[in-house]
Amino acid sequence: MTTELLWAIGLWAAVVVAGSFFALRQRGRRVEPVSRNLPFVAVGLLATLAALAVQASRIQVFQQRTYANRSGADPNTGEVTANSRLVVGDTRQMRGSILDGVGRELAWSEDLDPLVQRRYTAPEVAHVTGFFSPLLYGKEGIELDADDALRNGTRRGIAEQLAGVFSIGSLDPEDVQLTIWSGLQQEAQEALAGRIGAAVIVDVRTGAVRAMASYPFVDPGQLAAVRQADVPAARAYWDTLLADDRRPLLRRSTLGLYTPGSIFKVITAAAAIDSGIADPGTIYIDDGVFTVDGHTIIEANRPDDTIIEWTLTEGLAYSLNVVFAQIGIDLGPETLNRYAEAFGFGEVPPFEYPVARSQVASSDDFIGQPAALADTAFGQGELQTTAVHMVLVAQAIANGGVMLEPRLIDRYLDRDGATRHVVPSRTWSQPVAAATASAVEEMMVVAVESGYASAAFVPGLRIGGKTGTAEVHDGEPHAWFIGFGGVDRPEFAVAVVFEHGGSGGSVASAVGGQLLASAIARQAQLSASAT
Amino acid sequence: MTNAGSWSRSFLLVLLAIAATAAGMGATYLAREGGDPITSPEAKAGAIYGLTLLAVWLSLRFGTFRGDPYLLPVAGLLGGIGLVMTVRLEPDLQAIRDIAISFGDRQLWYLVVGLLLIWGIAMLAPNPEILAPYRYTILMGGFGLLAVTAVLGTEIQGARLWLSFGPIVIQTTELAKLALIVFLAAYLSENLELVGTSWRLWRINLPPLPYLAPMVIMSGLCTVALMALNDLGTALLFFSLFMIMLFAANGKAGHLLLGAGLFVVAFALAYLAVPRVRVRFDVWIDPWSDLVTGYQQIQAEYALAAGGFFGVGLGRGSPWLVPVVENDYIIAAIGEETGLLGIVVVLALYMIIATRGVLIARRAPTPFLRLLATGLTAGIVVQAVIILAGVFRLMPLTGVTLPLVAYGGSSILVTAVMVGTLMRISAMGSRL
């Protein structure tokens, strides 16, 4: 703000200087009283009016965007003073629809003349669109990410952009088609069955998100008030969201940060194979106890206490902590950290929704300690991650080591339903070689067919996966499952997490297997109806 | 003092004023998308106003008037711009305030009476010189009006500036402004030599205090009264008029500096003592620091920024989001819907008033008339500067009306008297 003050003072000073200069040049041909002083008065008035023109152009042209987009919140009430012109448009203009992957409307606008009301399909499906609350709480999710297209359409290509520069030709709002299959979304939401958690399913070859279930969730229809009469109900609903200690505004699928537990062993195994220190058949000794640096790890997972030699494949299938602790020590902190980062830890996947950042540790030197390194290698330590990130780990393993960007928006359509733009599939990273990925893929299939992830098994399908039981300080462990499945090669990847869901094996992997089977069946049905 | 060439330019100007008003009314009607165009309020206001303006111009041109030909079209265009904005804002203001006041009709009749006042004073009024002997009576009358207002006045938005006579509400500060200008012109012209002398005390030149004292006291009283009435804008206007007219009389730039210094001191004291002054100052420094008191200023910034260079188009913006937009913040509505272009046109029109007004003053036959014309010109232009600089955040906002443009009868009629008097004086001077 001091710059504005300095600017004002400078401008007034310029008026005085310019006024004096021109007035002196005007000075005195007339000698009559009063008249001789008047040029100064005239020049002073004119210079002041000129300064006003300068200031008007500063506000209206040079700082136009800054002023138009400024906003502030009242520290007492939290109410935001933002440019209401944006709201005026949002409450009075028809907005594009949001469709699911097969063209069903998830969100659409209804003309109440003069106001326009946003409507949503069933909340357990509609919550993937985010919310649109022009009078009260703004926009979230797809409603925010695709706001330009939904509101005005987007100018694409050189011709349209050039026309836009000269304000030629207005565009219509566009419809946004998501990758979501509402049926699968509904089923995933039902599978969570009122337990806090998330389930995300992506297409292994494209990164298309077919379902993104999350519980608890926000019903966008209850926030979409545009008539003043509807405002109190929307406020009341918002207050219940804030008062709910399950925190429904925290979308678990993207913002729920959890310790991964044993599902992280997939990354450790991939790192070991890819760096050449092990192969699926490498034998490790696990006699029930492993001590590193004075820190003792007790093995509770061996299916047979009389056996002390285990292959890497068996270690993954039976989730043997002692085996992975040793692999972690063998890899060393740098290598393990490098592979974790290659799998996206420390970064945020590009996505339509904000995603919480996964971390290996809170500080750089944590896994430098051997005990911490051992814990991290089997998924404990200070690891934190999200469901939408972990589904990509399974997806990369099932896709020859190529990790894709997850995406919810499939395409933009004009009002007649014709495609204006298809969002391409993009690679996010390639953490491991194709050979490594296929070795780990095979190991995960073994974990489902004869290991602890057997609850995910579906007859007739090839399903691979890994369970996780993430020990936490503040209650029951989180239950995890990540996996993939297809008829003979992987088609979909899934991640399921239940917050404080207990020991993970069966609950999460059963849901994971069921959702994979359902996605595969729906895919087959769609292909059949397409041909 | 005029010739056929300047009258033909004047004719083009008055046609421009009428055409611009008609075009603005047309654009407003089209954006509103409703009703029969012939009976629409836009057509009615545009036709009545345009015809009145044309009739007044023709009467001056072909009557006995031999004075300045440009002030009328310029004032007419400013009035037309204000009328278009008022008609355009009327449905929005009625809707958001849930009232049935016909803003457009009222403004139309204020302006029509204003034009007739200009015509009457320019054509028929006696030489303003006859006012000079009554200077103290006039000043006391103006001061008395303020005092009565302070006691009996109607309070609107925290300031008590209005006297109600049944349905008629008069903003008495506008009349007091006229009284002050006449008084200052008379007093200064009477003491012209003396107020120009200096007192030397050792090596320092001092202002001629004995001669300035009565005037300083009178103006000071008015200013204090206005502070008491909570009308900071008019107080600043009165003080500026005093300084400008004193400078016109004696040409001492030092007195301007001294006055500015006194003003800063007075302002600092007011800042410490008067909460309203403090709020205004803090809002000026940063309207975002307090979203409640800064709300109106913030909304004005949004409106101006929304307009950009070309504006969003008449009737297509949302200027009603700015509180009291038809009055103190009318320039924000103009800036939103007609953009920087519209604002520059308004500023250019005030520039023409400043130039023509000072030219009239220079060529007026007597010191009293010169000072009177200077005061009237400054009265219009400085008032515009005070409100515009406030809205544009070049100084703290103090509420005064934008002369001839903002909604409100007292301001329009008094400004019309000022314009008419300027034209009357111009008819007595040497050739422009």
Side-chain angles (χ1 to χ4, degrees), chain A residues 1-2 4-5 7-9 11-12 15 20 23 28 30 32-46 48-61 63-77 79-89 167, chain B residues 188-189 192-193 196 244 247-251 253 284-286 288-289 291-292 294-295 298-299 301-309 317-318 321 331 335 339-340 343-344 347-348 350-351 354-355 357-359 361-364 367 370-371 374 377-378 381-382 384-385 388-389 392-395:
Chain A
M1 258 317 100
T2 42
E4 287 301 307
L5 184 59
W7 163 264
I9 292 170
L11 198 54
W12 285 121
V15 167
S20 315
R30 284 188 172 251
E32 290 99 329
V34 180
S35 296
R36 62 173 168 252
N37 303 323
L38 291 178
F40 296 89
V41 174
V43 170
L45 293 175
L46 293 179
T48 310
L49 289 166
L52 291 175
V54 171
Q55 177 71 353
S57 49
R58 179 171 157 91
I59 295 175
Q60 296 200 273
V61 178
Q63 296 186 325
Q64 182 186 14
R65 291 204 156 258
T66 322
Y67 278 116
N69 295 328
R70 269 196 85 163
S71 63
D74 189 302
N76 298 319
T77 64
E79 216 152 285
V80 175
T81 293
N83 192 346
S84 316
R85 277 160 192 76
L86 308 171
V87 176
V88 172
S167 305
Chain B
L188 286 167
S189 58
L192 202 54
E193 282 75 33
I244 289 171
F247 174 80
N250 69 10
W284 172 53
I285 295 297
D286 184 6
W288 302 90
S289 64
L291 299 177
V292 178
Y295 184 81
I298 291 169
Q299 294 303 322
E301 278 180 15
Y302 285 147
L304 289 171
F309 190 81
S318 312
L321 291 167
I331 197 68
L340 181 61
I343 287 183
V344 167
L347 289 171
Y350 286 115
M351 284 182 172
T355 316
V358 171
L359 276 174
R362 278 190 95 180
R363 286 160 168 85
R370 288 174 206 156
L371 283 167
T374 307
T377 307
V381 176
V382 172
V385 166
L388 294 179
F392 295 167
R393 292 219 298 120
L394 278 179
M395 58 179 241

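So you know, we letter chains A, B, ... as the sequences are listed, proteins then strands, and number each from 1. Since the structure is predicted, the reported quantities are computational estimates derived from the model, not experimental observations.
In terms of heavy atoms, B:A361 sits closest to A:S35 at O-OG, 4.4 Å. Counting all heavy atoms, side chain and backbone alike, A:Q60 lies closest to B:L340 at OE1-CA, 3.1 Å.
For B:I343, the part lying near chain A is the side chain, with the backbone staying farther off; criterion is any non-hydrogen pair under 4.5 Å. For a residue to count as touching a neighbouring chain, one of its non-hydrogen atoms must lie under 4.5 Å from one of that chain's; by this rule B:I298 touches chain A with the side chain only. Only the side chain of A:V61 comes within less than 4.5 Å of a heavy atom in chain B; its backbone stays farther off. Both the backbone and the side chain of B:V385 come within less than 4.5 Å of a heavy atom in chain A. Contact of B:L321 with chain A is made through the side chain alone, with heavy-atom distances under 4.5 Å. In this structure, chain B has a heavy atom under 4.5 Å from the side chain of A:L11, while its backbone stays farther away. Heavy atoms closer than 4.5 Å to chain A are found in the side chain of B:T374, but not in its backbone.
Partners of B:F392 under the ring pair (Phe, Tyr, Trp, His ring centres under 6.0 Å) rule, at least two apart in sequence or in another chain, do not exist in this structure. Among residues two or more places apart in sequence or in another chain, the ring pair (Phe, Tyr, Trp, His ring centres under 6.0 Å) test is passed with A:Y67 by none.
Each of A:V34, A:L38, A:N37 was scored for a side chain to side chain contact (heavy atoms under 4.5 Å, CB included) with B:R362, with one residue passing: A:L38. No option in B:V344, B:L388, B:I331 other than B:L388 meets the side chain to side chain contact (heavy atoms under 4.5 Å, CB included) test with A:L52.
Here A:S57 contributes atom OG and A:Q63 contributes atom CD; the two are 10.0 Å apart, rounded to the nearest 0.5 Å.
Taking B:G307, B:A303, B:A354, B:G308 one by one and counting their heavy-atom pairs under 4.5 Å with chain A, the maximum is reached by B:G308. Of the listed residues (A:A56, A:G44, A:A50), the one with the most heavy-atom contacts under 4.5 Å to chain B is A:A56.
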